[in-house]
Amino acid sequence: SSGYPLRPGSAPCAFYMKTGQCKFGLTCKNDHPELNGAPAAAAAGDAQLNSSGYPLRPGSAPCGFYMKTGQCKFGQTCKNDHPEQNGGGHWGGGGDAGRVASKASWS
């Protein structure tokens with residue numbers, strides 16, 4: 001058991017469904033369903049992971065921090081897309097073109 005309340009007939013807790021956690025704990029008014037004894041989010045396996053372990057969510061907005069740094073503090077619970085890097089260490093769809101153009105040259 002996840003330790004969160006099961007409330008069939010109530011709306012599922014959206015945050016719990018995405019992450020498997022709920023900050024309201026036992027006081028949450030929403031349902032926290034389990035599948036095969038695991039939180040629904042973990043059992044669903046709703047996103048494939050890229051080679052860095054971040055979720056691929058095509059159709060969702062790209063994770064801005066991941067796109068800039070290649071890292072994401074939310075890890076597998078992030079709701080945004082984390083596309084694979086292409087061979088040159090750049091992300092698909094234009095690579096570093098925007099970043100290079102925005103850097104000032106002080107030569």
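Fair warning: this is a prediction, and the values are worked out from it, not measured in the lab.
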According to side-chain hydrogen bond (donor to acceptor under 3.5 Å, both in side chains), who are the partners of T27, at least two apart in sequence or on a separate chain?
none
Determine whether E84 and S51 make a side-chain contact, defined as any pair of heavy atoms from C-beta on separated by less than 4.5 Å.
yes
Does H82 reach the side chain of S52, with side-chain heavy atoms less than 4.5 Å apart?
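A side-chain contact under 4.5 Å is absent here.
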Minimum heavy-atom separation for [X] to [Y], with atom names?
X   : Y   : result
C28 : C13 : SG-SG, 4.1 Å
L26 : G3  : CD2-O, 3.2 Å
C72 : Y66 : CB-CB, 4.4 Å
F15 : Q21 : CD2-O, 3.2 Å

Give a yes or no answer on whether the side chain of D81 reaches the backbone of P62 with a donor-acceptor pair at less than 3.5 Å.
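Answer holds: no.
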With rounding to the nearest 0.5 Å, note down the distance linking SG in C63 to CZ in R57.
10.5 Å
Starting at CZ of F74, measure out to CG of N80 and round the result to the nearest 0.5 Å.
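Between F74 CZ and N80 CG, I get 9.0 Å after rounding to 0.5 Å.
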Are Y54 and M67 connected in the hydrophobic side-chain network, where two residues link if heavy atoms are under 4.5 Å apart?
yes
